Structures are given as C-alpha cells and as structure tokens.
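Quick note on labels: first sequence line is chain A, next is B, and so on, each numbered from 1. Note that the structure is predicted; figures quoted are calculated from it, not measured.
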Amino acid sequence: MLWSKSLIPTLKEIPQDAEIPSHQLMLRAGLIRRLGSGLYTYLPLGFRALRKVEAIVREEMDRAGAQEVLMPAMHPREIWDRSGRYESLKNVMFRVKDRQAREMVLGPTHEEIITDLVAREISSYKQLPCNFYQIQTKFRDEIRPRFGLMRCKEFIMKDAYSFDISSEAADSSYQKMYEAYVNIFRRCGLHAMPVEADTGDMGGSSSHEFMVPTDSGEDAILEADDGSYAANMERAEGYCDLPNVFPDADQPLEEIATPNAGKIEDVADLLKIEPRQLVKTLIFVADKSPVAVLLPGDRDVNEIKLRKVLDAQEVAPADPQTVREITGAEVGFAGPVGLKIPVIVDRTLEGLRGGVIGANKTDTHLLHFDLARDLDPDAFVDVAFPKAGDLAPNRKGHLSEKRGVEVGHVFKLGTKYSVALGANVLDENGKSIPAVMGCYGIGVSRTLQAVIEQSHDENGIIWPVNVAPYTVLITVLSPKHEESMSRATDLAAQLEAQGIDVLIDDREERPGFKFKDADLLGFPLRLTLGERGLAKGIMELKPRTEKSFEEVPVDQALDAVLAKVKTLREALK
RNA sequence: CGGGGAGUAGCUCAGCCUGGUAGAGCGCCAGCUUUGGGAGCUGGAUGUCGCAGGUUCAACUCCUGUCUCCCCGACCA
C-alpha cells in the first residue's frame, strides 16, 4: 500500500480533548476520529489494527471450541422483560421504538438473546457442552464516556456464552475460556493480569477480570507481593496486621468533649491520635431497615460486601435525619454503645481495646472503648475495603495497590438466565434441568487502545507485531528516484507474498518529516531506501524499539526483514 | 445527575476585562530555494466567532437562555 493513496491524517499537535497518552496517540496517528461523545470512526489504519485484534480473538476462541455466531444488535423489549433486566439495566440501555411503536432496545450485552436461542435449539445433554461467541457492536448509555475508545457509548465486544450440564462441567468451560484469554492478550502483546472480581449486576458465582495495569486505569487492583493473590478493589480481601490495643486500654469508658469535631480527621487532630484508633460508626439502610457498621477510622465500607453480608437488595448510607433519629446526635457522633439497631463490626477491629467511639451525643466521644467488653455485635465480618500494606488472604504476602483497565471479564453465571428463559435440557435420566452458563467478554476496541497505552514512548506508538496496522514501513526518501521506488515496490510485493503487510511512504516530504511520522505511527520495522544508500548497495533496517538502524545489503534485505519479523512474532507466541 | 472548564480558520490558540466589524503559529494551494529527524522565503485561499434572543448607532466582546464538548465523582468490556 502506498502512503500517498491512504487516509492517514497525522497530527503534529496534541488534540485538545485527549487526556491520556493512548487517546492522544490514536488521534495523532490518524487511527480514529470522534463523531460525538463516546462515538468514534475507525480510520483505515485504526480499522486494520482492530481487525488484527479480532483475528486473534477468533483464532483463540475457535481453538477453544467456541462457535461464532452473529446476533442482532436490536432486540424486542419483551425478551429483556423475561429476565427482569429491562428494569435493572434501564439506565444503560438505549431504547427505541419502531414505526409501529413497538419497543426495542439496542443490546448492551446478549445473555438473553443467546439463552433464548439455546432454549429453542438445544434440548439434550448430548449437545452440551457448547459455547457461542460473536464479535459485535454493543450499545451502552454510559454515564460518562471518556478516554477515547476506553469507554464509549458504542463499542466492539467479543462476547461468548457457554452452556453445560453441570456446575463441574461449567467450571471446565470457564477454565478453557480463562486460558483462551491468557493466550489472546499475550498474542496482542498486552500484559493483562487476571484478578478476582465481583460479578456485579451480571449475577453468578465467581469471575475474573483481565486487567492491563496503567495509571490511567479506572479500576483499583490489590496485588500481593508474593504473587499469591490479585483482586479488584471491589472484591479484595485483606488482613490488617497492625496492633489493635491502644494506650490506657484498661480504663472504663469516659466521655470527652469534641466540639464541632464530627469528622475522623478533626477528632484525630483534637485528641492527637491516629485515625485508626477511632472507630467509625456508620448508619446504613438495608432494604429499609437501619444497621450500624463499625470499622477503623482510616477505612471505608465496601457496600458490595455489606449488601452480601446482609443479604439485601439495596444498601445505602442513611440520610442525616435518620441518623439523628437513631443516634440522638448530629451526624459524626454515632457510636455503637446503646444503639437499638443491629451492629455489624468489621473484622479489622478484632481485639480492639482503647479505641475512641462516638457517644451518640452531639460534640462528644467516648475514650477507652473495648470491643469485647463494651459490645455484643450482631455480626463480626469483613465489610471494609482493604488497604495497601494489609496481609494477603494467605496471611504471608502484603498487598499493594495499582490501577488497571479491564479488557476482559469471565463469569460463572449459573442458571439465572437459563431458568428465566427456559434453556433446559434432558439429562441422562430424562430429567429436565437448566443449563449451567458462563459468559465471557473482551472489549475489543478497548483492548486496541490498551495496547497503545501500554506500548508507546515520547515519539509515538510502539505496535506489537501482531496488531500493527502494517508490519513493515518502507520509507522511500526520494520517491522520484526510479530505482528507489521500484526497489521498494518489488520488496513490498515479495514481503506481501510471505504474508507480511507493507506500507510504502512515497510522499514528497523531507526525510525528517517522514521519520517523525514513522515513529508516531509505530510500525514494528522500518526499512529506509535512499539514493545514497542504494548507490552503496544498502538499505537501512530499524526496529521501532531500537535507537539506531542496521545497514543491510540490498540483496539480503528481504531475508533480513523476514528474520526480524519472525523473531518479533516468536516473542508473542 | 452534582462539581469544574471550554466552544473564534482543518489543528493548537490569542482577541473579550475596557464594544468600533477578526488575528498568530501549524496545516492547505502556487512558485522558488532546500533535502537524513516535523525546512526557508514570496504570494494566496479559508471563518454563520456553537446557536437563539436581548442591550446598543455598532456585539467575538455586555446580558439572558440554550446546545455541544472536555475534566473530577457514582456505572462497565
């Protein structure tokens, strides 16, 4: 392909509305253009790279035994009513009406659609296990689209759904997908780490997310330094190993005036103690009934954990009026002693003596709180977010925090959707049972941008060989020089015959200009042809990752490029 | 939705406070020179100043409304 015939609108300046490097680079390298908030056009180069990611996804999914299908992006409302998700997902679904005023939605995901298909077409355990996938545009009315392709209203996703006869069989399907994901991201040149994750609205028992570590990531991850554990913050568990006995622990409870100190920091400053010596007493409303939650002053409640502990549908902090009614004090002075509502104690408070609590009296706290002595909790459980520095669940490693972008997510779904949509099969005994499902997503367009976020330098993108829009760039310094162009086109033809895609920079531009563009676009290999070099019988071969080039004799250039490409590809196998 | 910011040439931005009829750099077109890391000179084209009202002799500038985009928070691949 000739550069002069391609639409590759590179930008020298950084576009105003791009914040993170990958987004800036996608715009500057002419891969994408914005149409509206969260809506992007893939330009020729961006689309080539996207198709390469898709091809890898297809190969690995096929290899794992999944079958590709393509479902409609637009669905009748009725099927979403059957699972109850028309209601629960109403904030993310785009809803439209046709001219008959029939209600339709643009699919944010496809559990209902595939489960309905399986319900109709599969009836025997002999047809299981099976796994169907598609690569398709999803629509979600995101609260806030951002960072280019990272969070869009319309994005490309690979979604797969497995159906099994038993939960053990489903575990094996899950494992296969997990392994396929490891392969996919490795081949894309991405370092994606699997972490334990919460299943969120999807339902189901367990799940892993594949996270690409980057400071601009929207998720917090906790990882053990001994490699024993990694989990999304929403899900993570840890053990605080700091001592829980503070000075004067043996003293009886004692009131102390803390005027206007309703915030942890204020009380800590006033009493000259560490925030963790203070006990936070938070009032929540769980399905309309209030509970108190106790945790160290330097920690926050994980409402997901709290909801699970209480087996509640909905959990939210109580409003100030409710807090006043329950505690008899202004917000900020709640304490566990004397409360008439259930009290849940976070396990990090185990063995606490000498703590400071609210007195349920405005502008007053109590000193010398002894958990065992002064309280009989209704539950003693894990309801807090862990902190960096905590012990990992194995009680050996220590946790540290990093941020990541979620590029893939695998779920064990159970039978939630098969029951709702009647995806039953007859087992060996002729008994009808719901299929056990799993679902598996990869954000394909997001993955593409994550590759760039993880692989770039100050000059531009550094494409991993398997997803580069073109593998080789031939920079012709003097396109008017006939020998240069004929050598370039001959070489390109030979490389293409070997399955290596080539872009020829035949533009009438100064060399420096072309080199800058080459680095910005980040093709893995650059072959430079100049009049002077050719006169000496050489071309220059430069990998994007190297600072300097290597001179190769003209008649060895083909082999040299083939060898380099092979090396690059081997590294991602 | 709450909080912050921005809409002026294809891009990055100045002008607005203090009203007088729109600018720079880059890009684009033509020519000459240049030619190994985003060239120089000369000439040229390009704007409903986001939109709608209002104030005024006069509005990019002041006022009101409105739309869009970006950033921070709650949602997710």
Side-chain angles (χ1 to χ4, degrees), chain A residues 9-20 23-24 27-28 30 33-39 53 57 88-93 108-110 135-160 181 185 192 197-202 207 209-212 216-219 232 234 303-304 316-317 404-411 439-450 459-460 475-481 507-520 526 528-533 540 542 547-549:
Chain A
T10 58
L11 265 27
K12 198 193 302 189
E13 286 169 293
I14 298 173
Q16 183 204 8
D17 52 9
E19 203 77 359
I20 64 173
H23 186 195
Q24 294 172 351
L27 291 165
R28 287 190 56 210
R33 284 294 182 263
R34 201 192 72 224
L35 174 65
S37 180
L39 304 169
V53 175
V57 169
S88 63
L89 290 184
K90 66 168 181 262
N91 290 328
V92 297
M93 280 201 283
T109 176
H110 280 75
I135 294 177
Q136 199 219 30
T137 300
K138 297 283 190 265
F139 299 88
R140 292 187 189 171
D141 191 0
E142 288 291 340
I143 296 168
R144 179 148 91 90
R146 64 177 130 180
F147 299 149
L149 301 185
M150 287 298 190
R151 179 172 297 283
C152 284
K153 290 186 174 170
E154 184 191 307
F155 62 98
I156 296 170
M157 174 163 155
K158 185 285 306 176
D159 47 325
Y181 276 34
F185 295 124
D198 184 67
T199 53
D201 289 333
M202 201 62 86
S207 77
E209 290 167 336
F210 286 78
M211 290 284 190
V212 175
S216 63
E218 294 186 82
D219 288 276
N232 191 306
E234 294 175 344
E303 292 185 24
I304 297 169
V405 171
E406 181 186 357
V407 288
H409 201 157
V410 293
F411 294 87
C439 77
Y440 316 94
I442 289 180
V444 177
S445 39
R446 177 185 283 183
T447 296
L448 180 66
Q449 188 172 333
N459 296 314
T475 300
V476 179
L477 294 182
S478 314
K480 284 182 181 152
H481 179 240
R507 296 172 302 169
E508 288 291 346
E509 293 288 354
R510 300 161 62 86
F513 186 93
K514 295 177 145 189
F515 293 147
K516 285 287 186 190
D517 259 357
D519 285 347
L520 175 61
R526 186 181 87 203
T528 306
L529 275 67
E531 271 183 76
R532 267 177 295 183
E540 295 160 12
K542 179 182 171 302
K547 281 248 182 311
S548 53
F549 58 81

A.B. asks: Tell me the interatomic distance from A/M211, atom CE, to B/rC76, atom C1', rounded to whole angstroms.
C.D. replies: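 The distance from CE of A/M211 to C1' of B/rC76 comes to 10 Å, rounded to the nearest Å.
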A.B. asks: Got a sec, which residues hit side chain to side chain contact (heavy atoms under 4.5 Å, CB included) with A/R144, two or more places apart in sequence or on another chain?
C.D. replies: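 Result, side chain to side chain contact (heavy atoms under 4.5 Å, CB included) vs A/R144: A/R146.
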A.B. asks: Among A/N232, A/V407, A/V405, which residue meets the side-chain contact (heavy atoms from CB on, under 4.5 Å) test with A/M211?
C.D. replies: A/N232
A.B. asks: Strictly distance-based, threshold 3.5 Å: is any side-chain N or O of A/R34 a donor or acceptor partner for the main-chain N or O of A/L39?
C.D. replies: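 Answer holds: no.
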A.B. asks: Strictly distance-based, threshold 3.5 Å: is any side-chain N or O of A/R140 a donor or acceptor partner for the main-chain N or O of A/V92?
C.D. replies: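 Not confirmed, A/R140 side chain does not pair with A/V92 backbone.
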A.B. asks: Taking atom P of B/rC76 as reference, at what distance in whole Å does atom CE of A/M157 sit?
C.D. replies: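 My rounded result for the distance is 13 Å.
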A.B. asks: Tell me what A/P15 touches on the nucleic acid: a base, only sugar-phosphate, or nothing, going by heavy atoms under 4.0 Å.
C.D. replies: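 Touches sugar-phosphate only.
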A.B. asks: At under 4.0 Å between heavy atoms, what does A/D219 touch on the DNA or RNA strands: base, sugar-phosphate, or nothing?
C.D. replies: base
A.B. asks: OP1 or OP2 of B/rG2 sitting under 4.0 Å from any side-chain N/O of A/R144?
C.D. replies: no
A.B. asks: Quick one: label A/E142 by what it contacts on the DNA or RNA (base, sugar-phosphate, nothing), any heavy atom closer than 4.0 Å.
C.D. replies: base
A.B. asks: Between protein and nucleotides 36-50 of chain B, map the contacts as a letter string: B base, S sugar-phosphate only, - none, heavy atoms under 4.0 Å, written 5' to 3'.
C.D. replies: BBBB-----------
A.B. asks: With sequence neighbours left out, what residues match A/F210 under ring pair (Phe, Tyr, Trp, His ring centres under 6.0 Å)?
C.D. replies: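 In terms of ring pair (Phe, Tyr, Trp, His ring centres under 6.0 Å), with neighbours along the sequence ignored, A/F210 is linked to A/Y178, A/Y181, A/F185.
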A.B. asks: Taking atom P of B/rC71 as reference, at what distance in whole Å does atom CD1 of A/I143 sit?
C.D. replies: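 One finds 15 Å between P of B/rC71 and CD1 of A/I143, rounded.
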A.B. asks: Got a minute to check which stems RNA chain B is part of, using Watson-Crick or G-U wobble pairs under 3.5 Å, three or more consecutive?
C.D. replies: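 Stem list for RNA chain B: B:1-7 with B:67-73, B:10-13 with B:23-26, B:28-33 with B:39-44, B:50-54 with B:62-66.
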A.B. asks: What is the separation between atom CD on A/E13 and atom P on B/rA9, rounded to the nearest whole Å?
C.D. replies: 14 Å
A.B. asks: Ignoring hydrogens and angles, answer whether the base of B/rC76 and the side-chain atoms of A/R151 contain a donor-acceptor pair closer than 3.5 Å.
C.D. replies: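 Yes, a donor-acceptor pair under 3.5 Å.
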A.B. asks: Please check if the side chain of A/K514 supplies one atom and the backbone of A/R507 the other of a donor-acceptor pair under 3.5 Å.
C.D. replies: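 Yes, because the side chain of A/K514 sits within donor-acceptor range (under 3.5 Å) of the backbone of A/R507.
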A.B. asks: On RNA chain B, compare the nucleotides closest to A/P145 and A/E234; which residue's is nearer the 5' end?
C.D. replies: A/P145
A.B. asks: Can you tabulate the close N/O pairs, meaning under 3.5 Å, that link protein atoms to atoms of nucleotides 67-69 of chain B?
C.D. replies:
{"residue": "B/rC69", "atom": "OP1", "partner": "A/S37", "partner atom": "N", "Å": "3.1"}

A.B. asks: Classify the nucleic acid contact of A/E218 as base, sugar-phosphate or nothing, counting any heavy atom under 4.0 Å across all strands shown.
C.D. replies: base
A.B. asks: Can you measure A/L89 atom CG to B/rA77 atom C1' for me and round it to whole angstrom units?
C.D. replies: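 The distance from CG of A/L89 to C1' of B/rA77 comes to 14 Å, rounded to the nearest Å.
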A.B. asks: So which one's nearest nucleotide on RNA chain B is more toward 5', A/I14 or A/R146?
C.D. replies: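 Closest to the 5' end, via its nearest nucleotide, is A/I14.
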A.B. asks: Would the distance check show the side chain of A/E209 and the main-chain N or O of A/A197 forming a donor-acceptor pair, the cut-off being under 3.5 Å?
C.D. replies: no
A.B. asks: Of all residues at least two apart in sequence or in a different chain, which pass the side chain to side chain contact (heavy atoms under 4.5 Å, CB included) check with A/I14?
C.D. replies: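 In terms of side chain to side chain contact (heavy atoms under 4.5 Å, CB included), with neighbours along the sequence ignored, A/I14 is linked to A/Q24, A/R28.
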A.B. asks: Any donor-acceptor pair under 3.5 Å linking the side chain of A/K138 with the backbone of A/H110?
C.D. replies: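 Flag not set: sc A/K138 to bb A/H110 has no pair under 3.5 Å.
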